Amino acid sequence: MGSTGVRIAIDAMGGDHAPGEIVTGAVRASEELGVKVLLVGDPQQIKAALPPKTNLEGVEIIPAEDAIAMDEEPLNAVRRKRKASINVAMDLVKQQKADAVFSAGHSGAAMASALLRLGRLPGVDRPAIGTVFPTIKAGKPVLILDVGANVDCRPKFLEQFAVVGSIYSQYALGTNEPKVGLLNIGEEDTKGNELALRTHELLRENPYINFIGNAEGRDVLSGEFDVIVCDGFVGNILLKFAEAIGGVILQILREELPQGLHGQIGTALLRPNLKRIKQRMDHAEHGGALLLGVSGVCLIGHGSSQAPSVFNAIRMAKEAVDNKVMQQLQSQYEMLQSESS
(Lines give C-alpha, C1' and ligand atoms only; values in the text may rest on other atoms or scores of the structure.)
Protein backbone atom coordinates (compact mmCIF):
# COMPACT_ATOMS: atom_id res chain seq x y z
CA MET A 1 0.00 0.00 0.00
CA GLY A 2 1.43 3.39 -0.93
CA SER A 3 1.70 6.29 1.47
CA THR A 4 -1.41 8.44 1.96
CA GLY A 5 0.78 11.46 2.64
CA VAL A 6 0.36 11.31 6.43
CA ARG A 7 3.77 11.41 8.07
CA ILE A 8 4.26 10.20 11.65
CA ALA A 9 7.49 10.90 13.54
CA ILE A 10 8.31 8.03 15.90
CA ASP A 11 10.61 8.27 18.90
CA ALA A 12 12.21 4.89 18.16
CA MET A 13 14.41 5.01 21.27
CA GLY A 14 11.62 5.66 23.78
CA GLY A 15 10.09 2.85 25.84
CA ASP A 16 11.00 -0.31 27.71
CA HIS A 17 11.10 -2.36 24.49
CA ALA A 18 12.75 0.18 22.22
CA PRO A 19 13.78 0.10 19.52
CA GLY A 20 12.65 -3.43 18.59
CA GLU A 21 8.93 -3.31 19.39
CA ILE A 22 8.64 0.34 18.42
CA VAL A 23 10.15 -0.28 14.99
CA THR A 24 8.10 -3.44 14.41
CA GLY A 25 4.82 -1.67 15.20
CA ALA A 26 5.76 1.34 13.10
CA VAL A 27 6.70 -0.76 10.07
CA ARG A 28 3.41 -2.64 10.32
CA ALA A 29 1.55 0.69 10.43
CA SER A 30 3.42 1.86 7.36
CA GLU A 31 2.49 -1.27 5.42
CA GLU A 32 -1.12 -1.62 6.59
CA LEU A 33 -2.20 1.99 7.10
CA GLY A 34 -0.23 3.53 4.28
CA VAL A 35 1.44 6.17 6.45
CA LYS A 36 5.02 7.36 6.18
CA VAL A 37 6.86 6.58 9.43
CA LEU A 38 9.93 8.61 10.34
CA LEU A 39 11.92 6.48 12.76
CA VAL A 40 14.03 8.78 14.94
CA GLY A 41 17.01 7.45 16.85
CA ASP A 42 20.26 5.52 16.49
CA PRO A 43 20.35 4.44 12.81
CA GLN A 44 22.32 1.26 13.48
CA GLN A 45 19.94 0.06 16.19
CA ILE A 46 16.89 0.97 14.09
CA LYS A 47 18.20 -0.85 11.02
CA ALA A 48 18.97 -3.93 13.13
CA ALA A 49 15.39 -3.87 14.46
CA LEU A 50 13.71 -3.71 11.04
CA PRO A 51 11.68 -6.88 10.37
CA PRO A 52 12.86 -9.08 7.50
CA LYS A 53 11.67 -8.00 4.03
CA THR A 54 10.56 -4.60 5.30
CA ASN A 55 9.07 -2.43 2.56
CA LEU A 56 11.21 0.68 2.93
CA GLU A 57 8.96 2.79 0.70
CA GLY A 58 7.05 4.10 3.70
CA VAL A 59 9.96 4.13 6.17
CA GLU A 60 12.61 6.78 6.75
CA ILE A 61 15.31 6.73 9.41
CA ILE A 62 16.13 10.09 11.00
CA PRO A 63 19.35 10.13 13.08
CA ALA A 64 19.30 11.31 16.69
CA GLU A 65 22.39 11.49 18.86
CA ASP A 66 20.84 10.75 22.23
CA ALA A 67 17.80 9.50 24.16
CA ILE A 68 16.12 10.48 27.43
CA ALA A 69 15.99 7.79 30.09
CA MET A 70 12.95 7.15 32.25
CA ASP A 71 14.74 8.19 35.45
CA GLU A 72 15.88 11.60 34.19
CA GLU A 73 14.28 14.86 35.29
CA PRO A 74 12.25 15.65 32.16
CA LEU A 75 12.61 19.41 31.68
CA ASN A 76 16.34 19.49 32.38
CA ALA A 77 16.93 16.47 30.14
CA VAL A 78 14.94 17.98 27.27
CA ARG A 79 16.88 21.22 27.51
CA ARG A 80 20.26 19.55 27.95
CA LYS A 81 19.87 16.87 25.29
CA ARG A 82 18.79 18.96 22.32
CA LYS A 83 19.51 16.11 19.90
CA ALA A 84 17.63 13.47 21.91
CA SER A 85 15.22 11.36 19.85
CA ILE A 86 12.06 12.91 21.34
CA ASN A 87 13.34 16.43 20.57
CA VAL A 88 14.31 15.54 17.00
CA ALA A 89 10.91 13.89 16.45
CA MET A 90 9.10 16.92 17.88
CA ASP A 91 11.17 19.25 15.69
CA LEU A 92 9.96 17.35 12.62
CA VAL A 93 6.40 18.34 13.51
CA LYS A 94 7.44 21.92 14.26
CA GLN A 95 9.16 22.14 10.87
CA GLN A 96 6.09 20.59 9.19
CA LYS A 97 8.14 17.62 8.02
CA ALA A 98 5.81 15.36 10.02
CA ASP A 99 2.09 15.61 10.78
CA ALA A 100 2.17 13.92 14.19
CA VAL A 101 4.56 12.46 16.73
CA PHE A 102 4.45 9.33 18.90
CA SER A 103 6.64 8.37 21.85
CA ALA A 104 6.49 5.54 24.36
CA GLY A 105 9.38 7.04 26.27
CA HIS A 106 9.42 9.38 29.25
CA SER A 107 5.95 10.98 29.22
CA GLY A 108 7.17 14.00 31.15
CA ALA A 109 9.93 14.52 28.59
CA ALA A 110 7.44 14.19 25.73
CA MET A 111 5.23 16.83 27.33
CA ALA A 112 8.16 19.17 28.04
CA SER A 113 9.48 18.78 24.50
CA ALA A 114 6.03 19.43 23.02
CA LEU A 115 5.59 22.57 25.11
CA LEU A 116 9.03 23.95 24.25
CA ARG A 117 8.86 23.13 20.54
CA LEU A 118 5.20 23.18 19.57
CA GLY A 119 3.78 25.51 22.19
CA ARG A 120 0.30 25.61 23.70
CA LEU A 121 -2.99 26.39 22.07
CA PRO A 122 -3.96 30.01 22.77
CA GLY A 123 -5.77 30.19 26.10
CA VAL A 124 -4.61 26.78 27.36
CA ASP A 125 -2.55 26.98 30.56
CA ARG A 126 -1.77 23.27 30.93
CA PRO A 127 -2.04 20.57 28.26
CA ALA A 128 -3.67 17.35 29.42
CA ILE A 129 -3.11 13.72 28.55
CA GLY A 130 -6.41 12.30 27.36
CA THR A 131 -7.08 8.62 26.89
CA VAL A 132 -10.08 6.78 25.49
CA PHE A 133 -11.75 4.12 27.65
CA PRO A 134 -14.27 1.57 26.42
CA THR A 135 -17.70 1.59 28.07
CA ILE A 136 -20.48 -0.95 28.49
CA LYS A 137 -22.09 0.58 25.42
CA ALA A 138 -20.37 -0.87 22.36
CA GLY A 139 -18.91 1.77 20.08
CA LYS A 140 -19.36 4.53 22.67
CA PRO A 141 -16.01 5.39 24.28
CA VAL A 142 -15.37 7.93 26.99
CA LEU A 143 -12.46 10.37 26.97
CA ILE A 144 -10.73 10.80 30.34
CA LEU A 145 -8.38 13.72 30.98
CA ASP A 146 -6.02 14.39 32.59
CA VAL A 147 -4.42 10.98 33.15
CA GLY A 148 -0.97 12.06 34.21
CA ALA A 149 0.35 15.35 32.84
CA ASN A 150 -0.71 17.56 35.76
CA VAL A 151 -0.81 15.99 39.21
CA ASP A 152 -1.72 19.32 40.84
CA CYS A 153 -4.49 21.29 39.17
CA ARG A 154 -6.40 24.52 39.59
CA PRO A 155 -10.12 24.64 38.82
CA LYS A 156 -9.52 26.62 35.63
CA PHE A 157 -7.20 23.89 34.36
CA LEU A 158 -9.99 21.32 34.70
CA GLU A 159 -12.38 23.71 33.00
CA GLN A 160 -9.96 23.98 30.07
CA PHE A 161 -9.64 20.19 29.96
CA ALA A 162 -13.42 20.00 29.62
CA VAL A 163 -13.49 22.45 26.72
CA VAL A 164 -10.59 20.87 24.81
CA GLY A 165 -11.91 17.37 25.53
CA SER A 166 -15.37 18.30 24.24
CA ILE A 167 -13.93 19.63 21.00
CA TYR A 168 -11.82 16.51 20.52
CA SER A 169 -14.75 14.21 21.34
CA GLN A 170 -16.92 15.99 18.81
CA TYR A 171 -14.50 16.17 15.89
CA ALA A 172 -12.33 13.08 16.41
CA LEU A 173 -14.74 10.64 18.03
CA GLY A 174 -17.85 11.88 16.22
CA THR A 175 -19.84 12.65 19.36
CA ASN A 176 -22.76 15.04 19.00
CA GLU A 177 -22.90 17.47 21.93
CA PRO A 178 -20.49 15.53 24.19
CA LYS A 179 -21.73 15.05 27.73
CA VAL A 180 -19.12 16.23 30.22
CA GLY A 181 -18.72 14.96 33.77
CA LEU A 182 -16.45 15.81 36.70
CA LEU A 183 -14.95 12.79 38.46
CA ASN A 184 -16.03 13.02 42.07
CA ILE A 185 -16.99 11.01 45.16
CA GLY A 186 -20.70 11.69 44.81
CA GLU A 187 -23.35 12.88 42.37
CA GLU A 188 -24.50 15.78 44.53
CA ASP A 189 -23.22 19.29 43.74
CA THR A 190 -22.03 19.69 47.34
CA LYS A 191 -19.76 16.60 47.32
CA GLY A 192 -15.98 16.59 46.94
CA ASN A 193 -12.91 18.52 48.02
CA GLU A 194 -12.29 22.22 47.40
CA LEU A 195 -10.94 21.56 43.90
CA ALA A 196 -14.04 19.58 42.95
CA LEU A 197 -16.46 22.12 44.41
CA ARG A 198 -14.85 25.09 42.66
CA THR A 199 -14.46 23.20 39.39
CA HIS A 200 -18.11 22.09 39.48
CA GLU A 201 -19.18 25.72 39.66
CA LEU A 202 -16.99 26.69 36.68
CA LEU A 203 -18.20 23.78 34.57
CA ARG A 204 -21.84 24.45 35.41
CA GLU A 205 -21.51 28.08 34.31
CA ASN A 206 -19.49 27.42 31.15
CA PRO A 207 -21.81 27.89 28.13
CA TYR A 208 -19.49 26.10 25.71
CA ILE A 209 -19.72 22.62 27.20
CA ASN A 210 -22.58 20.23 27.92
CA PHE A 211 -21.86 19.64 31.61
CA ILE A 212 -24.25 17.10 33.12
CA GLY A 213 -22.78 16.83 36.62
CA ASN A 214 -20.48 14.74 38.75
CA ALA A 215 -19.38 11.27 37.69
CA GLU A 216 -18.64 8.72 40.40
CA GLY A 217 -16.13 5.96 39.86
CA ARG A 218 -18.89 3.53 38.93
CA ASP A 219 -20.07 5.92 36.21
CA VAL A 220 -16.78 6.09 34.30
CA LEU A 221 -17.52 3.08 32.11
CA SER A 222 -21.31 3.45 32.11
CA GLY A 223 -21.48 5.12 28.71
CA GLU A 224 -23.49 7.99 30.18
CA PHE A 225 -20.58 10.41 29.82
CA ASP A 226 -18.50 11.27 26.74
CA VAL A 227 -15.83 13.31 28.53
CA ILE A 228 -14.76 13.08 32.17
CA VAL A 229 -12.26 15.48 33.72
CA CYS A 230 -10.04 15.05 36.76
CA ASP A 231 -6.56 16.01 37.90
CA GLY A 232 -3.62 13.97 36.64
CA PHE A 233 -2.96 12.35 40.02
CA VAL A 234 -6.41 10.76 40.20
CA GLY A 235 -6.54 10.17 36.46
CA ASN A 236 -3.28 8.25 36.34
CA ILE A 237 -4.38 5.96 39.16
CA LEU A 238 -7.71 5.42 37.38
CA LEU A 239 -5.93 4.63 34.11
CA LYS A 240 -3.58 2.05 35.59
CA PHE A 241 -6.33 0.44 37.67
CA ALA A 242 -8.55 0.12 34.58
CA GLU A 243 -5.73 -1.43 32.59
CA ALA A 244 -5.09 -3.94 35.36
CA ILE A 245 -8.77 -4.87 35.62
CA GLY A 246 -8.93 -5.46 31.86
CA GLY A 247 -5.93 -7.76 32.05
CA VAL A 248 -7.36 -9.63 35.04
CA ILE A 249 -10.70 -10.26 33.30
CA LEU A 250 -9.00 -11.50 30.14
CA GLN A 251 -6.79 -13.82 32.20
CA ILE A 252 -9.79 -15.17 34.12
CA LEU A 253 -11.57 -15.90 30.85
CA ARG A 254 -8.55 -17.86 29.62
CA GLU A 255 -8.29 -19.83 32.86
CA GLU A 256 -11.99 -20.58 33.24
CA LEU A 257 -12.65 -21.82 29.70
CA PRO A 258 -13.24 -25.58 29.80
CA GLN A 259 -10.23 -27.81 29.21
CA GLY A 260 -9.87 -30.88 27.02
CA LEU A 261 -11.60 -31.69 23.73
CA HIS A 262 -14.92 -30.10 24.71
CA GLY A 263 -13.07 -26.99 25.83
CA GLN A 264 -11.21 -26.75 22.56
CA ILE A 265 -14.45 -27.02 20.61
CA GLY A 266 -16.15 -24.46 22.82
CA THR A 267 -13.20 -22.09 22.60
CA ALA A 268 -13.21 -22.40 18.81
CA LEU A 269 -16.91 -21.49 18.73
CA LEU A 270 -16.36 -18.55 21.08
CA ARG A 271 -13.20 -17.26 19.40
CA PRO A 272 -14.92 -14.41 17.48
CA ASN A 273 -16.64 -13.29 20.69
CA LEU A 274 -13.42 -13.51 22.69
CA LYS A 275 -11.59 -11.49 20.05
CA ARG A 276 -14.21 -8.75 20.27
CA ILE A 277 -13.98 -8.79 24.08
CA LYS A 278 -10.21 -8.37 23.86
CA GLN A 279 -10.54 -5.51 21.40
CA ARG A 280 -12.90 -3.67 23.74
CA MET A 281 -10.94 -4.26 26.94
CA ASP A 282 -7.24 -4.55 26.08
CA HIS A 283 -5.47 -1.20 26.46
CA ALA A 284 -3.05 -2.23 23.70
CA GLU A 285 -5.96 -1.90 21.26
CA HIS A 286 -6.16 1.83 22.02
CA GLY A 287 -2.44 2.43 21.57
CA GLY A 288 -1.73 5.71 23.25
CA ALA A 289 -3.01 8.86 24.87
CA LEU A 290 -3.28 12.25 23.22
CA LEU A 291 -1.54 15.29 24.61
CA LEU A 292 -4.37 17.78 24.19
CA GLY A 293 -3.70 21.48 24.37
CA VAL A 294 -0.41 21.66 22.45
CA SER A 295 -0.17 22.97 18.90
CA GLY A 296 0.40 19.63 17.23
CA VAL A 297 -0.83 16.04 17.17
CA CYS A 298 1.16 14.28 19.88
CA LEU A 299 0.51 10.77 21.20
CA ILE A 300 2.12 9.29 24.30
CA GLY A 301 2.34 5.53 24.70
CA HIS A 302 2.91 3.33 27.72
CA GLY A 303 6.53 2.73 28.62
CA SER A 304 5.78 -0.97 28.22
CA SER A 305 4.30 -0.50 24.73
CA GLN A 306 4.87 -3.36 22.33
CA ALA A 307 4.28 -3.59 18.60
CA PRO A 308 0.43 -3.83 18.71
CA SER A 309 0.20 -0.75 20.93
CA VAL A 310 2.55 1.17 18.67
CA PHE A 311 0.52 0.20 15.61
CA ASN A 312 -2.73 1.36 17.23
CA ALA A 313 -1.17 4.60 18.46
CA ILE A 314 -0.07 5.40 14.91
CA ARG A 315 -3.59 4.55 13.73
CA MET A 316 -4.97 7.07 16.24
CA ALA A 317 -2.47 9.67 15.06
CA LYS A 318 -3.45 9.09 11.42
CA GLU A 319 -7.14 9.43 12.28
CA ALA A 320 -6.46 12.69 14.11
CA VAL A 321 -4.59 14.05 11.09
CA ASP A 322 -7.19 12.81 8.59
CA ASN A 323 -10.01 14.38 10.62
CA LYS A 324 -8.09 17.67 10.89
CA VAL A 325 -8.49 17.52 14.65
CA MET A 326 -5.71 20.00 15.34
CA GLN A 327 -7.21 22.58 12.98
CA GLN A 328 -10.61 22.10 14.63
CA LEU A 329 -9.13 22.44 18.10
CA GLN A 330 -7.29 25.61 17.15
CA SER A 331 -10.20 27.28 15.37
CA GLN A 332 -12.86 26.25 17.87
CA TYR A 333 -10.81 27.16 20.92
CA GLU A 334 -9.77 30.51 19.44
CA MET A 335 -13.41 31.24 18.66
CA LEU A 336 -14.45 30.41 22.22
CA GLN A 337 -11.68 32.60 23.59
CA SER A 338 -12.74 35.57 21.44
CA GLU A 339 -16.40 35.17 22.40
CA SER A 340 -15.64 34.99 26.11
CA SER A 341 -13.29 38.01 26.11
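As the structure is a computational prediction, the values presented were derived from the model and not from experiment.
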For [X], does the [atom1] atom have more than 12 heavy-atom neighbours from other residues, nucleotides or ligands under 6.0 Å away?
X    : atom1 : result
Q327 : CD    : yes
N193 : CG    : yes
E205 : CD    : yes

Report the distance from atom [atom1] of [X] to atom [atom2] of [Y], rounding to the nearest 0.5 Å.
X    : Y    : atom1 : atom2 : answer
I10  : I8   : CD1   : CD1   : 6.5 Å
L329 : K324 : CG    : NZ    : 14.0 Å
C230 : L183 : SG    : CG    : 5.0 Å
H200 : T190 : NE2   : OG1   : 9.0 Å
L39  : K47  : CG    : NZ    : 12.0 Å
I237 : D231 : CD1   : CG    : 8.5 Å

- Run the numbers on E65 and R82 for side chain to side chain contact (heavy atoms under 4.5 Å, CB included), then give the verdict. CA-CA 9 Å; E65 298 174 2; R82 296 183 179 275; over 6 Å; no
- Task: Start with the C-alpha gap between L239 and I144, add the side-chain angles, then the distance that decides, and say whether side chain to side chain contact (heavy atoms under 4.5 Å, CB included) holds.
- Result: CA-CA 9 Å; L239 171 67; I144 311 292; over 6 Å; no
Check this for me: does any side-chain nitrogen of one of [X] and [Y] sit under 4.0 Å from a carboxylate oxygen of the other?
X    : Y    : value
D226 : K140 : yes
K36  : E57  : no
R315 : E319 : yes
K191 : E188 : yes

Is any side-chain heavy atom of [X] closer than 4.5 Å to a side-chain heavy atom of [Y]?
X    : Y    : answer
F133 : L143 : no
T135 : S222 : no
D66  : K83  : no
V297 : L291 : no
V325 : Y168 : yes
L299 : V101 : no
I22  : D11  : no
L115 : V294 : yes

So if you build clusters from Ile, Leu, Val, Met, Phe, Trp, Tyr with side-chain heavy-atom gaps below 4.5 Å, do [X] and [Y] land together?
X    : Y    : answer
V23  : I86  : no
V93  : I300 : no
M90  : L292 : no
F161 : V132 : yes
L33  : L38  : no

Please report the shortest heavy-atom distance between [X] and [Y], naming the atom on each side.
X    : Y    : value
K179 : I212 : CB-CD1, 3.8 Å
V227 : V142 : N-CG2, 4.1 Å
I62  : L92  : CG1-CD1, 4.2 Å
N184 : G192 : OD1-CA, 3.2 Å
E187 : D219 : OE2-OD2, 4.4 Å
I314 : A29  : CG2-CB, 3.6 Å

- Message: Pair R204, D189 - check side chain to side chain contact (heavy atoms under 4.5 Å, CB included), show working.
- Response: CA-CA 10 Å; R204 186 181 59 209; D189 297 358; 4.0 Å; yes
Test item: [X] side-chain N/O and [Y] main-chain N/O as donor-acceptor pair under 3.5 Å:
X    : Y    : value
Q170 : A172 : no
T24  : G20  : yes
R7   : Q96  : yes
S166 : A162 : yes
D42  : Q44  : yes
S30  : G58  : yes
S305 : H302 : yes
N87  : K81  : yes

State whether a side-chain donor-acceptor pair under 3.5 Å links [X] with [Y].
X    : Y    : answer
D125 : Q160 : yes
D16  : S304 : no
N206 : E159 : yes
K240 : N236 : yes

- Stepwise, does the salt bridge (Lys or Arg N to Asp or Glu O under 4.0 Å) test hold for E72 with R80? CA-CA 11 Å; E72 293 188 78; R80 188 178 72 256; 2.8 Å; yes
- Query: Is R28 positioned over the aromatic face of F311, cation under 6.0 angstrom from the ring centre and no more than 45 degrees off axis?
  - Reply: yes
- Message: I'd like to know whether V220 forms a side chain to side chain contact (heavy atoms under 4.5 Å, CB included) with F225, so could you lay out the CA-CA distance, the side-chain angles of the two residues, the decisive distance to 0.1 Å, and finally the verdict.
- Response: CA-CA 7 Å; V220 171; F225 295 86; over 6 Å; no
